[in-house]
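In what follows, a structure is listed as structure tokens, so that the remarks can point back to it.
The structure displayed is predicted, hence computed values, not measured ones.
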Number of protein chains: 2
Amino acid sequence: MRYTQFFISTLKETPSDAEVISHQLMMRSGMIRKIAAGIYTYMPLGLRSIRKFEQIVREEMNRAGAIELLMPGVQPAELWIESKRWAQYGKELLRFKDRKDNEFCMGPTHEEIITDIARREVKSYRQMPINFYQIQTKFRDEIRPRFGLMRGREFIMKDAYSFDVDSSAADLSYDKMYQAYNRIFERCGLNFRAVEADTGSIGGSASHEFMVLASSGEDAIVSCNACRYAANVEKAEGIKQQQGGAGQQALTKVHTPDKKTIAEVAEFLNIPQSATVKALVLSNGEGKFVMALVRGDHELNELKLKNRLGWDEIQMATDDEILRFTGSPPGFLGPQGLKEELLVVADYTIETMADFVIGANQTDQHYTGANAGRDFQINQIADIRLIGAGDPCPRCSGGTLEVWRGIEVGHVFKLGTKYSNSMNATYLDKDGKEQIIFMGCYGIGIGRTVAASIEQNHDDNGVIWPLPLAPFHCSVVAINAQKDEAVMSAAQDIHDRLEAAGVEVLLDDRDERPGVKFKDHDLIGIPLRIVVGGKNLAEGKVEFKQRVGGEMQLLVPEQAIETVIAQVKAACGGTR
Amino acid sequence: MRYTQFFISTLKETPSDAEVISHQLMMRSGMIRKIAAGIYTYMPLGLRSIRKFEQIVREEMNRAGAIELLMPGVQPAELWIESKRWAQYGKELLRFKDRKDNEFCMGPTHEEIITDIARREVKSYRQMPINFYQIQTKFRDEIRPRFGLMRGREFIMKDAYSFDVDSSAADLSYDKMYQAYNRIFERCGLNFRAVEADTGSIGGSASHEFMVLASSGEDAIVSCNACRYAANVEKAEGIKQQQGGAGQQALTKVHTPDKKTIAEVAEFLNIPQSATVKALVLSNGEGKFVMALVRGDHELNELKLKNRLGWDEIQMATDDEILRFTGSPPGFLGPQGLKEELLVVADYTIETMADFVIGANQTDQHYTGANAGRDFQINQIADIRLIGAGDPCPRCSGGTLEVWRGIEVGHVFKLGTKYSNSMNATYLDKDGKEQIIFMGCYGIGIGRTVAASIEQNHDDNGVIWPLPLAPFHCSVVAINAQKDEAVMSAAQDIHDRLEAAGVEVLLDDRDERPGVKFKDHDLIGIPLRIVVGGKNLAEGKVEFKQRVGGEMQLLVPEQAIETVIAQVKAACGGTR
């Protein structure tokens, strides 16, 4: 493809609303253009990378036996009312009425549609296992769309849905998708982790997220340095440890003037923060309350507590509510001497502690020498804290957890019968008996993965594409292209021979200075570059250079061509 | 692909709401499933044909130098307000508000978005000509969605938009698209015509429709039996003919009791209908009126009259309005002796007539011996009638027009500066002077073309696919597949060798009787079929049969394989 026959529109300035590097570079390199908040046009350059990723996804889904179909973007309200999500889903579900006043929404996900199709079409155990997928444009009316394709409102997603006769068959379908997802992100050349994750609003019994590692990632994940355990930090498990010895000290009230935070109290009493216990009062917003206890240097994981209690929502109690249960303003809370009965849930770690410090439920007062059981009651001991770097691995003995930042690009769920139950998707088993279908669902953000690749791979000069996602594999930069016929003819020849070998080439035939061209190709992130012209060409040589990690080499054209073909084959050689 | 690993769900019954054959067969063969009125899921089988057509379109657009991008489906109101279509477009434009109360619509077409992109990105004459296209899902809130994919609400369309420095450059871009469209429909193996058409609500100066011929088509088109002229009947031109001789008879009022229609009057007076003139009163709905005169056996073409007068709307006058201008109830209208001044527009044909019959603007009264000019005034002579079979060709001398039914599958428009003017899309010319951009737009209905192919090609047994659009090129039907290992192994071998040669094969390995399998493959419309099994296989032969137009042949597998490969290559061999 000649540069002058393609359309690339680079920007010198970084748009002011682009906060993250992938958004900045996708705008500057002309991959996307904003039409409205969270709504973009994929420009020709951007669409090439999008389509390449789609194709990798499609090949691996097909290889895993999934079957492609295409569901509509506009979905009737009836199906969402059946699944009960019409009421549950918040304002992210964009709802509207058609000209006949029927209610519809823009599909943010397709469990309802596919379950409706399955209950009409999949009627016998002989039709399962079956897995349908699509690559389709979705819409979620995000309250704060930002970060370009990373959190857009209109976005392209691959979503797959498996249907099985029972839970163990569904586990096999899930494993197939888990393996396919690993192959997909491996083929893209991305550094990623599959981590255990919370199932959130999609529901179901288990899930894994696929995280592209990047320091700018919104999610924290942990992984073991000894085994394969990895999890989203919100899901990462704490372990029940040996109980500590009995307390030696007596419970003693001490005056801690104006010391409200754990750090202030520990410093004032000259003890480590790990010798204190933090108490928090939380509610489900509908009249239920809990006091949570974690070690002073730990953080409460609200999601774990919420799941433990089976609540739909969780929020900090108000000052008034705290006063009602403890008689104290915040800052001095503790489990001892509560005013009203209150469920007390303590993290596992608390069991290992003795003679610690707690709030005394009085302004400027704490207790030292506190001991659970002796001085106050705990109703439940559970895993309710945030896990962090250095914590022990919950799977192997001796492993230690490390913390990474990641960008969620894929998510696989064991749905169980959540949707098939509410929408009555059943089949007839071998004995002609009606049974409920078991489901799984599996998503990959297409644009988000392409953006995450940039978050992970870039430098000051621009994007660095892994070959499998690059809009073009190789640039051929013709020096003085518009004036020197010999240069253009040599460049065109190299271009043609590369293209004939299946390499995607961008031949820069513009009437621009070499420096301008190099800058553009670096910004766009083309992985391989051949420069044709000048003294080198007179000597029968061309320059070959990789976007990163390689010195410039002077090669005869034949060698340069072979090198490019070999690198492209090695990285994109396709299906293994 | 094995049948049991794919998903095909055929229906025995035709759904009651499927009125046309393509809708019936797409439902029965399991290509599509309805989710809501005019909203469908493309099932795996249907999606294969859709994707094949998309790929043909993509290849030909790329070959013509158009560049693919992808615009959003959700569009902000601002741009439509700028182009003034927010007010003009009717209820087909589905409008809604997002969570922040900003107005949006589901894009029914993308002139506004692409013009916005062009005015931001195309700033120099050096960037043109340029043509952007996309294959994208659109939404039009049709008042009466029906006919399956033929008139759906959510549908896939290829739309392209060209940008040029001036009108003659824009004509070249238009011609390129016209040629590309011809290649696209030729490659599909469809019988089609490119016809001159009205520009309608998209606007612009000229347009062609691409019509797939089918007796069930909603549009009537004419084509010359001697030259290449073809047009939508609503656009087909009448020609100005030799003026007739002067009248011989005197204007005479005759009593025509209860004879209101042309047919009744002609019969009563014992004259041909072509010796009468029909008068109609019409209005623009906003206070303007016209009397149109056409020969008694002709029909008025309201669209031509509307365009001639530059009206936005045209409708029949009410009885009260007719009474006001003529003093008569409908049925006896004529141009003679009007009560109020009224613009009279006559078709060209009227000039050739003398001594004809007109209404006398009195109940049960007509005039014989009427002559224009002598007995009444005509303000304009113009081409305002519907052209039909047997009319002379407006382009060549001696040619005669034939009438066909067609389905509009593509439409190309010369837009001129309609959108670039209202949205201020300009560029700098060679002299640095600001100039307005000239545009063209070019659409193809993807699903509609696939449906039109079925309307054109089917029989009592089901769909007949042209090879380039077939979901699979060839079936391999294994007789007694689940029980006879030799059969399955031979069938699998044929399947594998065909697939290795690039043939798309559906290997029917189901545990079903041969008759059931043949019925399904006929319904689905697979063009080629190899039957493996039984006595024939024992003798080293397989059956080869085409879906239509060929006798069953007994061949050795090698021959059958070669025949299939040769036919697929001949039909789909790709790019010419």
Check: Given that the side chain runs from C-beta out, which part of Lys34(B) has a heavy atom under 4.5 Å from chain A: side chain, backbone, both or neither?
Finding: backbone
Checklist line | Segment of Leu47(B) engaging chain A (4.5 angstrom heavy-atom cut-off) | finding: side chain
Next item on the list: Measure distances from Leu94(A) to the heavy atoms of chain B and classify the residue's part below 4.5 Å as side chain, backbone, both or neither.
Entry: side chain
Checklist line | Point-to-point distance, once rounded to the nearest 0.5 Å, from CD of Glu112(B) to CD1 of Ile35(A) | finding: 11.5 Å
Notebook entry, point to check: Which atoms of Phe7(A) come close to chain B, meaning under 4.5 Å heavy atom to heavy atom: side chain ones, backbone ones, both, or neither?
Noted result: both
Notebook entry, point to check: Under a 4.5 Å heavy-atom cutoff, which of Arg51(B), Gln134(B), Met1(B) has the most pairs with chain A?
Noted result: Arg51(B)
Check: Hey, does the side chain of Glu154(B) reach the backbone of Val74(A) with a donor-acceptor pair shorter than 3.5 angstrom?
Finding: yes
Margin query: Going by side chain to side chain contact (heavy atoms under 4.5 Å, CB included), Thr41(A) matches just one of Leu70(B), Ile113(B), Asp116(B), Ile114(B). Which one?
Written below: Ile113(B)
Note to self: Is Ile117(A) in contact with chain B via its backbone, its side chain, both, or neither, using a 4.5 Å heavy-atom distance?
What the structure shows: side chain
Item checked: Under 4.5 Å from a heavy atom of chain B, the part of Arg120(A) involved -> side chain
Notebook entry, point to check: So with a 6.0 Å cut-off around NZ of Lys517(A), is the heavy-atom count from everything else above 12?
Noted result: yes
Notebook entry, point to check: Counting only N and O atoms by type, is there a donor-acceptor contact under 3.5 Å from the side chain of Lys91(B) to the main-chain atoms of Lys100(A)?
Noted result: no
Note to self: At a heavy-atom distance under 4.5 Å, which candidate from Glu92(B), Arg153(B), Glu78(B) has the highest pair count against chain A?
What the structure shows: Arg153(B)
Next item on the list: Under 4.5 Å heavy-atom distance to chain B, tell me which part of Phe104(A) shows up: side chain, backbone, both or neither.
Entry: side chain
Next item on the list: Please assess Glu121(B) against Arg33(A) for the test salt bridge (charged side-chain N to carboxylate O under 4.0 Å, His left out), listing each intermediate value before the final yes or no.
Entry: CA-CA 10 Å; Glu121(B) 306 288 338; Arg33(A) 287 292 180 257; 2.5 Å; yes
Next item on the list: Indicate yes or no for a side-chain donor-acceptor contact from Asp141(A) to the backbone of Asp98(B) under 3.5 Å, with no hydrogens or angles considered.
Entry: no
Notebook entry, point to check: Any idea which of Gln5(B), Glu68(B), Arg95(B) has the most non-hydrogen atom pairs under 4.5 angstrom with chain A?
Noted result: Glu68(B)
Margin query: Under 4.5 Å from any heavy atom of chain A, what part of Leu45(B) do you find: side chain, backbone, both or neither?
Written below: neither
Note to self: Between Pro44(B), Gly30(B), Gly65(B), Ala37(B), who has the most heavy-atom pairs with chain A when the cutoff is under 4.5 Å?
What the structure shows: Pro44(B)
Note to self: Return the CG to CZ distance between Leu93(B) and Arg99(A), rounded to the nearest 0.5 Å.
What the structure shows: 10.5 Å
